[in-house]
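Only one structure is covered here, and it is reproduced in the block below.
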Amino acid sequence: MGAHGGAGTTTLARMWAPAADTGRQWPTSPLTTRRVLIVAREHMSGIAAAADVLRASSDESAPTGITVCGLITVAAHPGRPNKDVVRYAGTVSELAPHSYRIPWVKSLIPLLHRQLPTWRPADGVKATQKTADGVIATVPSPIAAVGLQICEDLAADRAAELSDPSVTVV
């Protein structure tokens, strides 16, 4: 779920097969979508929007049955992020059970969404490959690595829920 427009949710959802893009809206049915990751661009406005969404989720503004599982920040530009943004993102990430960062990936800039490759958890993390015409043929390794980490964290969270007798899992 995007914390704001331009966060990168559509791009990430297209590349991560297990993901779905809800835009900037909470999923409408906990029967189909129970776990949500909040996505924000790595600039002050984006991180502030993520903070608002994360606070709203903890205030029970999220639909019943929906759980926020983490925050994903997406680099806003190449190079190092602004130190004030990094500090604020660190503070905001404490509102989420997990946090992840997608670095700047230059090879995505010339691509349309329909040209994006797809990653599945069984793919693991591979070196980024390109076709003969220079288009990426595999999901860039930093994005695949975050996808894999998310899958591992969600599986660990689920296992912990199942082993806790005080938690009812639906």
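Here, residue 1 is the first one in the sequence, and each next residue gets the next number.
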Does [X] reach the side chain of [Y], with side-chain heavy atoms less than 4.5 Å apart?
X      : Y      : result
Leu154 : Arg35  : yes
Ile150 : Ile72  : yes
Val74  : Trp104 : no
Val53  : Met1   : yes
Arg41  : Thr73  : no
Ile102 : Pro142 : no
Trp16  : Cys151 : no
Ile143 : Leu12  : yes

Distance-only side-chain donor-acceptor flag, His113 / Thr10, under 3.5 Å: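 Side-chain D/A pair, His113 to Thr10: absent.
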Quick one about Asn82 and His43 (side-chain donor to acceptor, distance below 3.5 Å, no hydrogens or angles considered), yes or no?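 The answer is no; no qualifying pair exists.
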Please give me the minimum heavy-atom distance between [X] and [Y], naming the atom from each residue.
X      : Y      : answer
Ser163 : Ala160 : OG-O, 3.1 Å
Ala40  : Ala3   : CB-CB, 4.2 Å
Tyr88  : Ala51  : OH-CB, 3.9 Å
Ala7   : Gly2   : CB-CA, 4.4 Å
Thr118 : Ala17  : CG2-CB, 3.7 Å
Pro27  : Ile66  : CB-CD1, 4.1 Å

Sidechain-backbone polar pair: Trp119 side chain, Pro140 backbone, donor-acceptor under 3.5 Å: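 Pair absent, no side-chain N/O of Trp119 close to backbone of Pro140.
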Under the criterion side-chain contact (heavy atoms from CB on, under 4.5 Å), I'd like the reasoning laid out for Leu116 against Val139: C-alpha separation, chi angles, the key distance, then a yes or no. CA-CA 8 Å; Leu116 295 171; Val139 170; over 6 Å; no
Pairs in or reaching into residues 131-160: which pass ring-ring contact (aromatic ring centres under 6.0 Å, His included), with residues at least two apart or in two chains?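 Residue pairs with at least one partner in residues 131-160: there are none.
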Pairs meeting criterion ring-ring contact (aromatic ring centres under 6.0 Å, His included) with involvement of residues 135-157, two or more places apart: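 For residues 135-157: none.
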Please determine whether side-chain contact (heavy atoms from CB on, under 4.5 Å) holds for the pair Thr67 and Val36, giving the CA-CA distance in whole Å, both sets of side-chain angles, and the decisive distance to 0.1 Å. CA-CA 6 Å; Thr67 302; Val36 174; over 6 Å; no
Are the charged groups of Arg55 and Glu94 less than 4.0 angstrom apart, N to O?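 No salt bridge links Arg55 with Glu94.
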Atom OG in Ser141, atom CD1 in Ile136: separation rounded to 0.5 Å?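 Interatomic distance, Ser141 OG to Ile136 CD1, rounded to 0.5 Å: 10.5 Å.
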Are Tyr100 and Leu71 close enough, and set up right, to give a side-chain contact (heavy atoms from CB on, under 4.5 Å), and what steps lead you there? CA-CA 6 Å; Tyr100 312 92; Leu71 170 66; over 6 Å; no
Quick one: which residue pairs count as a salt bridge (charged side-chain N to carboxylate O under 4.0 Å, His left out) with a foot in [range], not counting sequence neighbours?
range            : result
residues 13-28   : none
residues 115-124 : none
residues 96-106  : Glu42-Arg101

Is Leu112 isolated, or which residues cluster with it under the ILVMFWY side-chain rule of less than 4.5 Å, directly or via members?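 Taking Ile, Leu, Val, Met, Phe, Trp and Tyr as members, Leu112 stands alone, with no cluster partners.
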Are Val86 and Ile38 linked, directly or through intermediate hydrophobic residues, by side-chain heavy-atom contacts shorter than 4.5 Å (ILVMFWY only)?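 No; Val86 is not reachable from Ile38 via cluster members.
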